[in-house]
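This report concerns only the one structure given below.
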Protein chains: 2
Amino acid sequence: MVRLCSHPYTAAMSGHPLPLLEGPRPERSDAARNREALLAAARRMVEDNGVESVTMDALAREAGVGKGTVFRRFTSRAGLMAALLNHGEAQFQALVMSGPPPLGPGVEPWERLVAFGRTRLEYNLQAARLIEAAGQPGRRSVAAKSFTTLHVIHLLRELDVRGDVQFLAKALLAPLESVIVEEAVQLEGFAVDRFVAGWQDLARRVIEG
Amino acid sequence: MVRLCSHPYTAAMSGHPLPLLEGPRPERSDAARNREALLAAARRMVEDNGVESVTMDALAREAGVGKGTVFRRFTSRAGLMAALLNHGEAQFQALVMSGPPPLGPGVEPWERLVAFGRTRLEYNLQAARLIEAAGQPGRRSVAAKSFTTLHVIHLLRELDVRGDVQFLAKALLAPLESVIVEEAVQLEGFAVDRFVAGWQDLARRVIEG
DNA sequence: GACCTAAACGGACCATGGTCCGCTTATGTT
DNA sequence: AACATAAGCGGACCATGGTCCGTTTAGGTC
């Protein structure tokens, strides 16, 4: 039986005529098993003892694999953390795209934007440690970032905002970043509610401007 | 001869009546010398081979001191980088407070704000590697951060902006952070000029809103 | 100048992220 | 079933940030 997604040169050698989609070659079954074991172990460790406790050696031991395997699967510690983050990010994305209003569709764009702001802020705050560990800047999976950006752009357009909407979306998202929020909340005692209210006001100004 | 800034208990034991300002005890002369040697070496290394090349071991070797000394002086690599950053930050601060307009005083607040935005953005971009190495979040000397925040707050007040000015200042500063700008510029090909223009528009909306 | 003490020093030592490479194994072919 | 081979595996090894502690020294006192 011909595997649907055999790799290019296998296909070529067997004379397969179709230019198959170039996905990354599928993982071997043992590899996939290890990936899952590692993710499960990592999640458990994060839950039990916090992000800090997830050492690459400890993780390997916990999952019963060699250290090399951890790195082959996730490239780096940051990569591993990004993988962990993905679950939450996907969930978030799903809520926005097809969850209940006001975050999900079915209500005025302005309400959705407000809901988005609060939710995103809370999410970023809650996942802060993971986000930080997932790596410096926007190394944070481009996909995740661009989803939020696109969503905000979309809402701004629906609200008839004129100007460089792409930039304005970024500008609205920037103060929601965990680094920024954490600094304000943890170090300066900004109450979360005040932050949310402030952001809402900011959004209003941007839209009405 | 009595040193002006002797430490508390020395003063107490000698019956000194004045409650001297509690500064951190002054550094011993050798310590001060080493600090300077280290900073000089570090600056040289950054200039020559980039921030990455500044390894704590290499730095110690270069400055002709032990590794322990480096850490006693600067606590951590991030601390060292923050120290390096301070120079630039102080310069920036000086330019804003008493430099030539439009960044410095002597011109309408709006113009100053615009100048501030562009300058800060360029500064953050230029110092990005150092900023990143100087540590995660706002570990970046609280002083530096709060100066920019206070300045923006000040300008917003002069512009009669109503609302949570403290938050709005943060919101205006957030998109100028090196992490944000780098992501847009490096990864997404946003032109710096577009970014500057976008920020100006953002500021206008905030002020007029 | 002898002496005292807190501070500073230096480099061995440790922990952790990341690389390397020789051995093992899944998987597809004959 | 035997084989071929690329992918996967594991753990020794390296680099670098950070700690520790026995030794040295600045600088004040007598």
Side-chain angles (χ1 to χ4, degrees), chain A residues 1-16 24-38 42 45 51-82 133-136 139, chain B residues 1-16 24-38 42 45 51-82 133-136 139:
Chain A
M1 169 198 165
V2 174
R3 192 155 29 87
L4 283 182
C5 188
S6 57
H7 26 140
Y9 41 98
T10 299
M13 285 160 71
S14 65
H16 203 304
R25 305 187 191 35
E27 264 168 1
R28 236 164 67 169
S29 64
D30 51 349
R33 215 177 320 124
N34 280 336
R35 148 169 276 123
E36 289 317 312
L38 283 165
M45 291 170 80
V51 172
E52 286 59 47
S53 76
V54 183
T55 262
M56 299 307 256
D57 291 274
L59 175 60
R61 213 177 323 122
E62 185 81 9
V65 305
K67 190 178 179 179
T69 302
V70 185
F71 280 90
R72 186 155 342 81
R73 263 337 57 153
F74 299 103
T75 308
S76 67
R77 195 178 121 102
L80 168 71
M81 296 306 181
Q136 303 302 41
R139 262 90 146 184
Chain B
M1 167 200 167
V2 174
R3 193 153 30 87
L4 283 181
C5 188
S6 57
H7 26 144
Y9 39 98
T10 300
M13 284 161 72
S14 65
H16 202 304
R25 306 185 189 36
E27 264 168 0
R28 236 166 66 172
S29 65
D30 52 350
R33 214 177 319 127
N34 279 338
R35 147 168 277 123
E36 288 319 311
L38 283 165
M45 292 171 80
V51 172
E52 285 62 43
S53 76
V54 183
T55 259
M56 298 308 256
D57 291 276
L59 175 60
R61 213 178 322 121
E62 186 81 9
V65 305
K67 192 179 179 178
T69 302
V70 186
F71 279 91
R72 188 157 340 84
R73 276 306 76 117
F74 299 103
T75 308
S76 68
R77 195 177 122 102
L80 169 71
M81 296 306 180
Q136 302 303 41
R139 261 90 144 184

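In what follows, every chain begins at residue 1, and chains take the letters A, B, ... in the order their sequences are listed. Just the heavy atoms: all of them, side chains too, but no hydrogens, waters or symmetry mates, feed the values below.
Distance, A:R33 CZ to D:dG10 C1': 16 Å, rounded to whole Å. Rounded to an integer number of Å, the gap from A:L80 CG to C:dG17 C1' is 12 Å. Per the geometry, CD belonging to B:E52 stands 18 Å off P belonging to D:dA15, to the nearest Å. Atom-to-atom, CE of A:M56 to P of D:dG11 comes out at 16 Å; the value is rounded to the nearest Å.
In this structure the side chain of B:V51 reaches within 4.5 angstrom of the side chain of B:R77, judged on heavy atoms.
For B:D30, counting side-chain heavy atoms from C-beta on, the closest listed nucleotide (D:dG18, C:dG18, C:dC9) is C:dC9.
For the contact set between residues 57-74 of chain A and DNA chain D, defined by any heavy atom under 4.0 Å, the members are A:V65, A:G66, A:K67, A:G68, A:T69, A:R72, A:R73.
In this model, the phosphate group of C:dT27 is approached by a side-chain N or O of A:S29 to a distance below 4.0 Å at OP1 or OP2. When the side-chain nitrogen and oxygen atoms of A:R77 are compared with OP1 and OP2 of C:dG17, one or more of them lie within a distance under 4.0 Å.
Evaluation of the side chain to side chain contact (heavy atoms under 4.5 Å, CB included) rule for B:S53 yields B:M45, B:N49 as partners, not counting sequence neighbours. With sequence neighbours left out, the side-chain hydrogen bond (donor to acceptor under 3.5 Å, both in side chains) criterion links A:R61 to no other residue. Partners of B:R33 according to the salt bridge (charged side-chain N to carboxylate O under 4.0 Å, His left out) rule, which considers only residues two or more places apart in sequence or in another chain, do not exist here.
The shortest non-hydrogen separation linking B:L80 to B:A42 is CD1-CB, 4.4 Å.
Listed by first and then second residue, the side-chain hydrogen bond (donor to acceptor under 3.5 Å, both in side chains) pairs involving residues 64-73 of chain B are B:D57-B:K67 (not counting sequence neighbours).
The base of D:dA7 is paired with the side chain of A:R28 by a donor and an acceptor separated by under 3.5 Å.
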